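Read the structure below first, then the notes.
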Amino acid sequence: MRALYSNLGERFELGELTVQRENLAFITVQPQHLRALSVHLRDREGFTHLVLLTAVDWIEDGLFQLTYLLCNRETRCDLGLRVMIPRENATMETAHDVWPTAATYQRELYEMFGIDFPGSPRVDEPFILEGWTDLPPYRRDFDTKKFAEETFVHRPGRATNDPAQHMKKQIYPDGT
């Protein structure tokens, strides 16, 4: 991976390299360099499969981290490209024309995090949360408990148990 990183560094402006293990590494990339690097990795380096596209909400830093995980099946190597984008009005260039499977992931990220990918097919159509009108639920500023209390009715007869105490009673019913 270090040799690949070194070779890529001669052609592209790259950020930090994180080697997780021999066949898995991550490279931080500026958003404006993602497309050219992705095309090069697909066409010249054998990373022909987008395994996943996911996001992390770094609310403290005002950023979203997008991770494009690419796979080279011949060498059995995975390479993650990390892109940091501003959290406010989060927008990223679509990658569906480079990786067709990206369209599905982009729809999910639009709905769950509110990250827009202009030009991505059907990105603004409901995907999972039909009729959802609140903050995207995977954003860290979404209050799950408040939403549940306001949306769902408490059913009488149900009790909430502390898991540790509940299991203790299950395992030691006589209290010993």
Side-chain angles (χ1 to χ4, degrees), residues 13-16 18 20 24-39 41-42 47-71 78-167 170:
E13 185 178 327
L14 303 177
E16 175 187 0
T18 305
Q20 293 291 119
L24 174 64
F26 295 87
I27 299 174
T28 303
V29 180
Q30 294 294 316
Q32 66 271 23
H33 302 305
L34 179 68
R35 172 173 294 280
L37 179 58
S38 294
V39 170
L41 287 166
R42 182 193 66 192
F47 287 89
T48 57
H49 179 66
L50 174 68
V51 177
L52 67 85
L53 167 58
T54 188
V56 176
D57 185 354
W58 295 104
I59 192 170
E60 299 85 358
D61 300 326
L63 297 170
F64 283 120
Q65 174 187 317
L66 299 175
T67 301
Y68 298 77
L69 187 61
L70 310 176
C71 178
D78 293 320
L79 180 62
L81 302 177
R82 290 183 298 220
V83 179
M84 306 303 282
I85 61 172
R87 195 171 182 276
E88 187 75 26
N89 299 317
T91 301
M92 181 63 194
E93 182 179 4
T94 183
H96 79 277
D97 53 333
V98 179
W99 312 102
T101 54
T104 302
Y105 292 115
Q106 291 170 163
R107 284 182 72 191
E108 179 184 17
L109 296 178
Y110 179 81
E111 192 166 86
M112 302 307 245
F113 287 93
I115 301 170
D116 195 11
F117 297 88
S120 185
R122 304 172 56 200
V123 72
D124 56 351
E125 293 179 18
F127 186 56
I128 300 168
L129 305 173
E130 191 172 323
W132 187 267
T133 58
D134 210 319
L135 269 177
Y138 282 4
R139 294 176 70 112
R140 288 181 48 206
D141 50 350
F142 176 73
D143 189 338
T144 305
K145 183 176 184 222
K146 179 180 174 216
F147 176 81
E149 290 171 351
E150 292 174 355
T151 306
F152 304 108
V153 177
H154 178 75
R155 292 191 300 182
R158 298 188 72 182
T160 301
N161 296 311
D162 173 49
Q165 294 300 319
H166 177 74
M167 290 308 298
Q170 294 296 314

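Everything numeric here is computed off the predicted structure, so don't read it as measured data.
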Mind checking whether Phe147 and Trp132 have ring centres under 6.0 Å apart?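 Yes, ring centres under 6.0 Å apart.
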Please enumerate all residues that pass ring-ring contact (aromatic ring centres under 6.0 Å, His included) together with Phe26, with sequence neighbours excluded.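 Not a single residue meets the ring-ring contact (aromatic ring centres under 6.0 Å, His included) criterion with Phe26.
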Check ring-ring contact (aromatic ring centres under 6.0 Å, His included) between Tyr68 and all other residues, then give those that pass, not counting sequence neighbours.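 Listed in chain order: nothing, the list is empty.
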Separation between [atom1] of [X] and [atom2] of [Y], rounded to the nearest 0.5 Å:
X	Y	atom1	atom2	value
Arg122	His96	CZ	NE2	12.5 Å
Leu70	Leu37	CG	CG	8.0 Å
His33	Leu14	NE2	CG	9.0 Å
Tyr105	Thr67	OH	OG1	12.5 Å
Leu66	Ile115	CG	CD1	5.0 Å
Leu52	Cys71	CG	SG	11.0 Å

For a quick test of reading the model, state the closest non-hydrogen atom pair linking [X] to [Y] and the distance between them.
X	Y	result
Ala103	Ser120	CA-OG, 3.9 Å
Gln106	Thr94	NE2-OG1, 2.8 Å
Pro136	Glu111	CB-O, 3.4 Å
Asp78	Leu69	CB-CD1, 4.0 Å
Met92	Pro118	O-CD, 3.7 Å
Asp141	Leu135	O-CD1, 3.8 Å

For Leu129 and Met112, what are the C-alpha separation, side-chain angles and deciding distance, and is it a side-chain contact (heavy atoms from CB on, under 4.5 Å)? CA-CA 9 Å; Leu129 305 173; Met112 302 307 245; 3.6 Å; yes
Report the C-alpha distance between Leu81 and Phe47 in whole Å, list the side-chain angles of each, state the deciding distance to 0.1 Å, and finish with yes or no for side-chain contact (heavy atoms from CB on, under 4.5 Å). CA-CA 12 Å; Leu81 302 177; Phe47 287 89; over 6 Å; no
Take atom [atom1] of [X] as the centre, draw a 6.0 Å sphere, and report whether it contains more than 12 heavy atoms from other residues, nucleotides or ligands.
X	atom1	value
Asn89	CG	no
Glu130	CD	no
Tyr138	OH	no
Gln20	CD	yes

Verify side-chain contact (heavy atoms from CB on, under 4.5 Å) between Leu53 and Trp99, making sure each step is shown before the conclusion. CA-CA 10 Å; Leu53 167 58; Trp99 312 102; over 6 Å; no
Not counting sequence neighbours, which residues clear side chain to side chain contact (heavy atoms under 4.5 Å, CB included) with [X]? List them please.
X	result
Pro86	none
Pro100	none
Asp124	Tyr110
Glu88	none

Run the side-chain hydrogen bond (donor to acceptor under 3.5 Å, both in side chains) test against [X] and tell me which residues pass, sequence neighbours left out.
X	answer
Thr48	none
Asp116	none
Arg35	Glu93, Asp97
Trp58	Gln65

Looking at residues at least two apart in the chain, or sitting in another chain, which of them share a salt bridge (Lys or Arg N to Asp or Glu O under 4.0 Å) with Glu150?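 By the salt bridge (Lys or Arg N to Asp or Glu O under 4.0 Å) rule, Glu150 matches Lys146.
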Indicate yes or no for a side-chain donor-acceptor contact from Arg139 to the backbone of Gly114 under 3.5 Å, with no hydrogens or angles considered. no
Arg82 and Thr18: CA distance, side-chain angles, deciding distance, side-chain contact (heavy atoms from CB on, under 4.5 Å) verdict: CA-CA 10 Å; Arg82 290 183 298 220; Thr18 305; 3.1 Å; yes
Among pairs that include at least one residue of residues 47-64, which meet salt bridge (Lys or Arg N to Asp or Glu O under 4.0 Å), considering only residues two or more places apart or in two chains?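 Residue pairs with at least one partner in residues 47-64: Asp57-Arg87, Glu60-Arg140.
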